[in-house]
Trainee: 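This is the structure, below, for whatever I ask next.
Residue numbers count from 1 along this sequence.
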Amino acid sequence: MTLSRDRLGLALIIASAVLLPLAVLMAFYYAPRELTMGDVQRIFYFHVPAAWVGFFAFFVTFVASIAYLVRGERRWDIVALSSAEVGLTFITAAVVTGSLWARPVWGTYWTWEPRLTISAVQLLVYIAYVMLRAAAENPAQSARFSAVYGIVAFVTVPLSWFAIRWWRTIHPDIITGGDSAGLEPRMVQTLMFSLLTFTVFYFAILRQRVRLEVTRDRVLQLRETIDSLSRG
């Protein structure tokens, strides 16, 4: 697979390059200024989509892990690993942007309320997933263990999603908060556009990460072939 033949990957990159600046413009110039929080509220147009993509990426890892255990095909292991890495990046962005918003609004960068506590645990769980994979010496054994780990780790996603609905928390619920969310139509439109943009961006990065891992496999196979020929 070469870049020139990867039309879908190229289309995703171009779409991301077009959508991302538009999302930034909408966040700063189209969406109205929130009356209570002021301009700091605009960080929601990046924080919420980053969290959404992180959750979705971990769901893809969950599904790909099941597919690997059922089919035993390397391609599913590659998708699981790649999506976990991309998801970890977006969840980290969500935590950072959330902390930047919390400092002027809550008066602190961090507080151990249920949603944030689960987010911290989720970060550590998926960091451990990536580190364990990098440290494993047996690829087949690592893939099977990682598939089981990827399935179990996904429990942190529904826990994080429902945390602000099951327990008393100060974290706002702007997705299912109904009238309490207080979003004007142009705010909702901007948020929906940012969600679409970040989702397209996720697929663009995921595709490139998968291609990189496929290339890595081919290089390793070529090296083994060369070593075998040199010994023979």
Trainee: Would you tabulate the side-chain donor-acceptor contacts of residues 9-32 under 3.5 Å, counting partners in other chains and residues two or more places apart, or write 'none'?
Mentor:
residue: S16; atom: OG; partner: L12; partner atom: O; Å: 2.8
residue: Y30; atom: OH; partner: Q189; partner atom: OE1; Å: 2.5

Trainee: Check the angle between the aromatic planes of Y202 and F90 and answer parallel, tilted or perpendicular using the 30° and 60° thresholds.
Mentor: perpendicular
Trainee: Can you pull out every salt bridge (charged side-chain N to carboxylate O under 4.0 Å, His left out) where at least one residue sits in residues 46-72? Sequence neighbours excluded, please.
Mentor: R71-E73
Trainee: Which one of F203, F198, F201 satisfies the side chain to side chain contact (heavy atoms under 4.5 Å, CB included) criterion with V53?
Mentor: F198
Trainee: Which residues pass the side chain to side chain contact (heavy atoms under 4.5 Å, CB included) test with A143, not counting sequence neighbours?
Mentor: Y68, D77
Trainee: Does S228 use its side chain to pair, donor to acceptor, with the backbone of E224 at less than 3.5 Å?
Mentor: no
Trainee: Tracing side-chain links under 4.5 Å among I, L, V, M, F, W and Y, which residues wind up in one group with L212?
Mentor: none
Trainee: Please tell me whether I91 and V96 are part of a single hydrophobic cluster in this structure, the criterion being side-chain heavy atoms less than 4.5 Å apart.
Mentor: yes
Trainee: Side chains of residues 104-112: which donor-acceptor partners sit under 3.5 Å, not counting sequence neighbours?
Mentor:
residue: T108; atom: OG1; partner: W110; partner atom: N; Å: 3.3
residue: T108; atom: OG1; partner: W110; partner atom: O; Å: 3.0

Trainee: Run through F56, F154, Y129 and flag the one making a side chain to side chain contact (heavy atoms under 4.5 Å, CB included) with T61.
Mentor: Y129
Trainee: Between R74 and E213, does at least one N-O distance fall below 4.0 Å, as a salt bridge requires?
Mentor: yes
Trainee: In terms of the angle between their ring planes, are Y126 and F58 parallel, tilted or perpendicular, with boundaries placed at 30° and 60°?
Mentor: parallel
Trainee: What pair of heavy atoms forms the shortest contact from T97 to I43, and how long is it?
Mentor: O-CD1, 3.3 Å
Trainee: Show me the pairs that pass salt bridge (charged side-chain N to carboxylate O under 4.0 Å, His left out) and involve residues 36-55, at least two apart or across chains.
Mentor: R33-D39, D39-R42
